[in-house]
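Written below as structure tokens is the structure these notes are about.
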Amino acid sequence: MKRLFVPDDIISSYSRQSNNVCLLQYTNADNTENFDAFLTQHALVYILTGVKQINVSHSGFRINAGELFLIPKGEYVMSEYIAGKQGFRSMMLFFDQKVARYVVEQLNETIPDALTETKKKEVIKIIPNNSAIQSLFSPLVGYSEEHNPFLSEIVRLKFMELIYLLLDSPYRRIIISFLLDAARYENPSITSVLEHYLYSSQTVEELAKIAGRSLSGFKREFTQLYGEAPMTWIRKKKLEHAAFLLEKSDKSIEEVAEASGFVSASHFARLFKERYSVPPSAYRAKQTDI
């Protein structure tokens, strides 16, 4: 399964960005394709054709063609794209906290009562098929496929048009709640990131992205908190966890490696022997003999 940091991993090779708003089009003619994606910006995603099935925070969602869904920064998404007769296509508008705060400030000045109409926080918000939204996204497909010197300004205007369209719709409370959450978003603490991802195969660079910090900033803060460089501390904890599983569980060596966050059993075995002076199998046998 592919793992992506979206839109960061895509934006360097293909982007339509202006004033902290980014437009991306995703097209897939195959029947299905799976992704493991981490959102580095807040997103509004419109499904043009096909079906998108996603799992976020242990909840599953199915989004059909013509539907718009809203997903906040910082979520890990397991995605499956199901192509129809026309394949799978979607348009994605990404925006950062600065944009969210700007829109909220505008709302506070023009319709201050709107900010009291908040809806409870939800991981995913889905807006059903709507002809007005469809007419807004349709021209963006053509714009995104050609070089247009005015495209960055078009993207910015279309984003604001979509926001105001939703504010003047039955989905007003949904978009206000989403914008407020985006404006108030705070990067997670390093401790909370480790609680979720310590025994995963995430690299230090990926953990820094999840924590919303630069690599150098992440390393500096991590060392202040734990007294060791991230790679040294994380590897030690993973190996300690693996040793515990070898002693207390009947998992195979491959299963122990995976459960402890190592990319392969061979890589795990090499690091384990460096730390404990014996291979994992010998370590387990020794514990059994005691």
Side-chain angles (χ1 to χ4, degrees), residues 5-8 10-11 15-24 37-46 54 56-57 59 61 63 67-77 90-127 130 132-133 136-137 140 152-193 196 208-214 217-218 221:
F5 284 80
V6 182
D8 290 4
I10 306 171
I11 206 170
S15 70
R16 298 293 184 266
Q17 186 172 347
S18 172
N19 298 327
N20 309 103
V21 179
C22 171
L23 170 68
L24 295 173
F38 180 83
L39 274 291
T40 56
Q41 290 190 20
H42 310 285
L44 297 145
V45 183
Y46 182 73
I54 59 176
V56 185
S57 299
S59 297
F61 303 87
I63 304 98
E67 294 182 332
L68 176 74
F69 74 96
L70 291 58
I71 182 168
K73 174 182 177 179
E75 292 293 342
Y76 238 115
V77 182
S90 65
M91 299 297 297
M92 300 170 282
L93 280 168
F94 296 95
F95 65 99
D96 62 13
Q97 187 177 46
K98 182 178 179 181
V99 171
R101 287 177 173 172
Y102 169 79
V103 177
V104 168
E105 287 173 3
Q106 298 303 305
L107 291 179
N108 196 41
E109 292 178 3
T110 55
I111 44 175
D113 293 342
L115 300 186
T116 64
E117 302 176 16
T118 57
K119 190 177 177 66
K120 72 174 183 178
K121 186 172 183 179
E122 299 170 332
V123 176
I124 297 289
K125 297 177 173 68
I126 301 175
I127 295 175
N130 182 295
I133 294 176
L136 187 147
F137 273 97
L140 285 176
S152 60
E153 183 62 15
I154 291 171
V155 168
R156 186 187 67 81
L157 291 172
K158 287 295 182 181
F159 172 82
M160 295 305 300
E161 183 181 353
L162 175 62
I163 296 299
Y164 288 120
L165 177 66
L166 293 172
L167 287 170
D168 188 30
S169 78
Y171 311 105
R172 170 182 171 126
R173 292 179 63 195
I174 291 178
I175 190 63
I176 289 174
S177 174
F178 183 66
L179 289 168
L180 285 173
D181 289 343
R184 297 166 180 163
Y185 180 84
E186 293 183 2
N187 288 323
S189 67
I190 289 179
T191 300
S192 67
V193 170
H196 285 89
K209 286 185 178 181
I210 292 170
R213 293 158 172 81
S214 66
F218 179 83
E221 187 175 345

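Numbers here are sequence positions counted from 1. Note that the structure is predicted; figures quoted are calculated from it, not measured.
- In this structure, the side chain of Ser90 does not engage the main chain of Tyr46 through any donor-acceptor pair within 3.5 Å.
- Between Leu179 atom CG and Arg184 atom CZ the span is 11.0 Å, to the nearest 0.5 Å.
- More than 12 non-hydrogen atoms from other residues, nucleotides or ligands lie less than 6.0 angstrom from CZ of Phe5.
- To the nearest 0.5 Å, atoms CG (Leu44) and CG (Leu93) are separated by 6.0 Å.
- Separation of atoms OH (Tyr185) and CG (Asp96) is listed at 12.5 Å; rounding is to 0.5 Å.
- Counting all heavy atoms, side chain and backbone alike, Ser214 lies closest to Ala208 at O-CB, 4.1 Å.
- Closest approach of Lys158 to Leu140, counting heavy atoms only: CG-CD2, 3.7 Å.
- Closest heavy-atom contact between Leu24 and Pro7: CD1-CB, 3.7 Å.
- Annotation: side chain of Lys125 is in contact with side chain of Asp181 (closest heavy-atom distance under 4.5 Å).
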Inset, instruction - Would you sort out whether Ile210 and Tyr76 count as a side-chain contact (heavy atoms from CB on, under 4.5 Å), showing the intermediate values? - result: CA-CA 9 Å; Ile210 292 170; Tyr76 238 115; 3.8 Å; yes

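- Taking CG from Leu107 and CZ from Arg172, the interatomic distance works out to 8.5 Å, rounded to the nearest 0.5 Å.
- Annotation: the span from Ile175 atom CD1 to Leu68 atom CG amounts to 7.5 Å, rounded to 0.5 Å.
- The closest side-chain heavy-atom distance from Leu70 to Ile127 is below 4.5 Å.
- Here the closest non-hydrogen pair linking Asn187 and Gly212 is ND2-O, 3.2 Å.
- Formation of a donor-acceptor pair under 3.5 Å by the Gln97 side chain with backbone atoms of Ala183 is found in this model.
- Among all heavy-atom pairs drawn from Arg213 and Ser189, the shortest one is NH2-CA, 4.2 Å.
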Atom pairs and distances, side-chain donor-acceptor, residues 160-170, under 3.5 Å, sequence neighbours left out:
residue	atom	partner	partner atom	Å
Ser169	OG	Leu166	O	2.6
Ser169	OG	Tyr171	N	3.0

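- Test Phe94, Phe95, Phe69 against His42 for ring pair (Phe, Tyr, Trp, His ring centres under 6.0 Å) and you get one pass: Phe95.
- Residues Pro72 and Phe178 share a closest heavy-atom pair of N-CE1, 3.8 Å.
- Proximity of Asn20 to Tyr102: side-chain heavy atoms (C-beta onward) are nowhere separated by under 4.5 Å.
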